[in-house]
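Scroll down for the structure; my scribbles are underneath it.
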Amino acid sequence: MFLFNVQCDLTQLLLPISSNEGIATPLVYQGMSEAPTEGSLQGSLAMVRSHENDQFQDKVLTVLPLDRLRENAMAKGSSDGLTFHEHLAREVMRWFKHSFFKWVDCKRCDVCGGEGRAGEPLQPTVQERLFGASRVESHHCTSCGRVQRFPRYNDPGKLLETREGRCGEWANCFTGICRTLGYDTRFISDNADHVWTEVYSPHLGRWVHMDSCENAWDRPLVYEQGWKKRITWVVGSSIHETVDVTYRYTIEPVEVRSRRGAREPGVQQMITRFNNSRYSHLSESTRAALNKRLAKELTQMLLKANEGAGQQQQYGGRESGSLSWRRERGETEDPTLGQIITVPEGATQYTVRYSPASDVYTDGTGAVLARGFNSLAYSNEGVARKTEYDWNMVYLAREKNESISTIEWRVKCARPIVSASLSMLHTTFNMSVVEWCCLPTSTSELTYHEEFSDIDLTLLQGCTEFRLVARMKSVLPADNAWQHTQLFRTKLDGNESPFEINLEFK
């Protein structure tokens with residue numbers, strides 16, 4: 001039973017059997033307004049049409065390591081209930097995220113390497129406009145004052161060259177790559193300022209959410225439940241159709257309808273009129289097949305939205321972009337910090353370990369204490385878990401664009417500590433530094449050491465509470481400087497615990 005009443009006739013959203021209306025001139029996509037408009041629909045259509053360009057698709061095949069990605073997908077077999085078709089899409093997204101495209105908040109200076117800050121917008125040049133850049137950001141070096149231009153290109157072929165941007169550039173380029181490989185794709189826009197991709201899976205019989213910025217596959221509720229976005233309008237645009245897909249991305253349909261208010265019927269009618277102008281060139285059998293698929297999709301979305309209401313699932317916050325930028329947007333994960341590792345009363349000895357491969361904390365018996373590195377952290381300023389799929393390694397590192405990052409754990413014991421042994425491994429590159437501090441909580445002045453072995457753990461004897469702090473920072477500026485300080489680096493398929501605390505009590 002539906003938890004809300006669908007007031008618009010679903011048949012109004014299906015494709016027209018015939019139409020004599022002309023197709024309007026497409027506009028360059030620049031994002032969604034509070035509710036979809038004719039202009040935003042035209043902009044998204046222009047974008048997906050650009051992915052059909054033969055020159056663009058030829059260019060994709062010159063940069064895509066297709067043989068290797070196909071080999072990786074073949075090796076997956078039928079794991080996770082997926083076929084080669086789905087595994088290849090996931091391999092392409094992983095490569096795109098970790099090896100091809102780069103996120104840009106503010107560009108580092110290309111002369112001195114200093115950090116940038118945003119300045120006043122600039123007028124695009126004729127050449128920049130040629131590649132769809134209707135706006136240009138200015139990024140000012142905080143060290144030498146040099147100003148760099150950052151054109152927000154919309155041309156997917158140009159993006160294959162620049163290989164950088166924010167979610168608009170990421171989704172545009174990635175959707176085009178998937179389309180080149182023959183996937184039925186959609187460019188997805190939401191009114192809350194984010195864009196991503198959907199691909200159709202014949203094996204699963206449905207459209208699948210893909211966010212290349214996050215390397216997220218089939219996790220449509222991450223925006224509402226993880227990023228805490230107030231989903232209101234989510235529209236998908238493909239070469240064949242424009243569809244309101246909002247209810248795939250929510251388990252709060254009543255709230256969505258309340259936010260839409262009286263605008264919903266008008267928007268649905270506009271989408272219908274917009275589709276009416278696009279299908280005169282399609283055969284009746286093609287329109288009938290698309291109608292059948294669309295009717296099934298609309299039913300699935302509405303059922304899922306209602307059935308999902310009240311479900312409690314874990315979704316992380318946003319990963320792409322600097323921590324400060326995500327915090328400003330309110331898209332970080334709900335804080336799970338302020339946690340204290342508490343030793344059970346009566347214990348004469350206690351062990352706690354953390355494995356970055358499994359991302360879990362365990363006790364001395366191997367029992368799981370908590371999942372997720374933040375779940376037992378007291379504070380975290382700019383530290384994230386990073387995975388290197390090409391090297392099969394995983395570790396904790398600084399967030400991108402964070403110059404100094406700190407993570408702290410606190411331990412509380414029922415009895416005074418007699419002896420303590422701690423093992424904390426770290427790896428550094430290019431003159432970067434990891435500093436450690438381990439002192440009783442009552443100590444007000446923190447003393448840091450670059451080698452963990454230099455810490456005098458006898459200072460913990462007799463205390464019942466202590467703090468363990470790791471501070472990471474880089475000396476040399478570089479786009480990948482965040483990788484130069486790594487905590488607990490280990491193999492993805494390993495079972496090592498490079499974080500270990502062993503305590504004995506009276």
Side-chain angles (χ1 to χ4, degrees), residues 94 97-98 211 213-229 311-323 326-327 330-344 350-389 392-400 402 405-412 422-426 434 467-472 482-483 485-501:
R94 181 179 296 174
K97 161 78 172 177
H98 295 289
D211 190 332
C213 299
E214 308 290 298
N215 192 31
W217 164 269
D218 203 15
R219 302 183 69 228
L221 298 180
V222 66
Y223 310 113
E224 180 182 79
Q225 301 301 306
W227 298 15
K228 306 306 177 186
K229 280 181 171 286
Q311 290 181 357
Q312 297 297 317
Q313 299 187 48
Q314 295 297 317
Y315 291 91
R318 185 172 191 156
E319 295 182 5
S320 51
S322 69
L323 180 62
R326 286 179 284 135
R327 280 177 171 167
E331 294 172 350
T332 55
E333 185 174 6
D334 277 351
T336 58
L337 304 180
Q339 301 299 313
I340 296 177
I341 300 172
T342 304
V343 178
Y350 188 71
T351 297
V352 58
R353 301 184 178 99
Y354 170 72
S355 166
S358 58
D359 199 23
V360 299
Y361 292 90
T362 56
D363 64 13
T365 68
V368 174
L369 296 174
R371 299 184 184 277
F373 77 95
N374 266 338
S375 60
L376 288 183
Y378 184 79
S379 66
N380 178 352
E381 290 294 329
V383 176
R385 179 174 175 268
K386 302 292 185 179
T387 302
E388 293 181 352
Y389 291 100
N392 194 40
M393 303 299 289
V394 61
Y395 48 85
L396 303 189
R398 290 183 294 123
E399 294 269 11
K400 293 182 181 180
E402 296 296 322
S405 298
T406 304
I407 185 168
E408 177 179 350
W409 295 267
R410 293 198 180 187
V411 180
K412 184 176 182 180
L422 284 75
S423 175
M424 302 289 151
L425 303 183
H426 72 259
V434 174
R467 66 201 307 178
L468 170 66
V469 186
R471 184 167 66 185
M472 296 178 279
W482 59 271
Q483 290 181 307
T485 52
Q486 303 177 7
L487 302 182
F488 320 134
R489 179 181 173 92
T490 188
K491 290 186 177 296
L492 262 174
D493 52 2
N495 55 9
E496 299 92 346
S497 297
F499 169 111
E500 183 169 328
I501 299 174

Where L492 and A357 come nearest, the two heavy atoms and their spacing
O-CB, 3.5 Å
Between E408 and R467 (salt bridge meaning N to carboxylate O under 4.0 Å), is one present in this structure?
yes
Intermediate values then yes/no, side-chain contact (heavy atoms from CB on, under 4.5 Å), V411 and V343:
CA-CA 7 Å; V411 180; V343 178; 4.2 Å; yes
Evaluate the side-chain proximity of M472 to V383: yes if any heavy-atom separation is below 4.5 Å, no if none is.
yes
Separation of I341 CD1 from L376 CG (nearest 0.5 Å)
5.0 Å
Evaluate the side-chain proximity of T362 to V352: yes if any heavy-atom separation is below 4.5 Å, no if none is.
no
Test your reading of the model: is there a side-chain donor-acceptor pair from K97 to the backbone of C213, 3.5 Å cut-off?
yes
Just by distance, with hydrogens left out, do Y354 and W409 show a side-chain donor and acceptor under 3.5 Å apart?
no
Can you give me the closest heavy-atom contact between P356 and T490, atom names plus distance?
CG-CG2, 3.2 Å
Indicate the atoms forming the closest heavy-atom contact of K491 with V394, along with that distance.
O-CG1, 4.3 Å
Counting the benzene-type ring for Trp, do F499 and F488 have ring centres under 6.0 Å apart?
yes
Check against side-chain contact (heavy atoms from CB on, under 4.5 Å), D211 and R219
CA-CA 9 Å; D211 190 332; R219 302 183 69 228; over 6 Å; no
Sidechain N-carboxylate O distance under 4.0 Å for K386, E388:
no
With sequence neighbours excluded, what pairs up with N495 under the side-chain hydrogen bond (donor to acceptor under 3.5 Å, both in side chains) test?
none
Rounded to the nearest 0.5 Å, how far does CG of N374 lie from CG of D359?
9.0 Å
Non-neighbouring partners of S423 that pass side-chain hydrogen bond (donor to acceptor under 3.5 Å, both in side chains), sequence neighbours left out
none
Output the distance between atom CZ (R471) and atom CD1 (I407), rounded to the nearest 0.5 Å.
14.5 Å
Gap separating the CG atom of L487 from the CZ atom of R398, nearest 0.5 angstrom:
11.0 Å
Looking at side-chain heavy atoms only, is the closest gap between V368 and Y361 below 4.5 Å?
no
R371 CZ to S358 OG distance, which is reported to the nearest 0.5 Å
8.0 Å
Distance-only side-chain donor-acceptor flag, E381 / S405, under 3.5 Å
no
Between the OH atom in Y395 and the CG atom in L425, the distance rounded to the nearest 0.5 Å is 15.5 Å
Identify, with sequence neighbours excluded, every residue that meets salt bridge (Lys or Arg N to Asp or Glu O under 4.0 Å) alongside E500.
R353
Any side-chain heavy-atom pair of H426 and Q486 under 4.5 Å:
no
Could you pull out all residues at least two apart from D363 that satisfy salt bridge (Lys or Arg N to Asp or Glu O under 4.0 Å)?
none
Contacts of type side-chain hydrogen bond (donor to acceptor under 3.5 Å, both in side chains), residue T406, not counting sequence neighbours:
none
Taking all non-hydrogen atoms of both residues, which atom of I340 and which atom of K412 are closest, and how far apart?
CG2-CB, 3.7 Å
Give the intermediate values and the outcome of side-chain contact (heavy atoms from CB on, under 4.5 Å) for residues Y223 and E214.
CA-CA 11 Å; Y223 310 113; E214 308 290 298; 5.7 Å; no
Which residues pass the side-chain hydrogen bond (donor to acceptor under 3.5 Å, both in side chains) test with R385, sequence neighbours left out?
none
Looking at A384 and F373, what are the two nearest heavy atoms and their distance?
CA-CZ, 3.8 Å
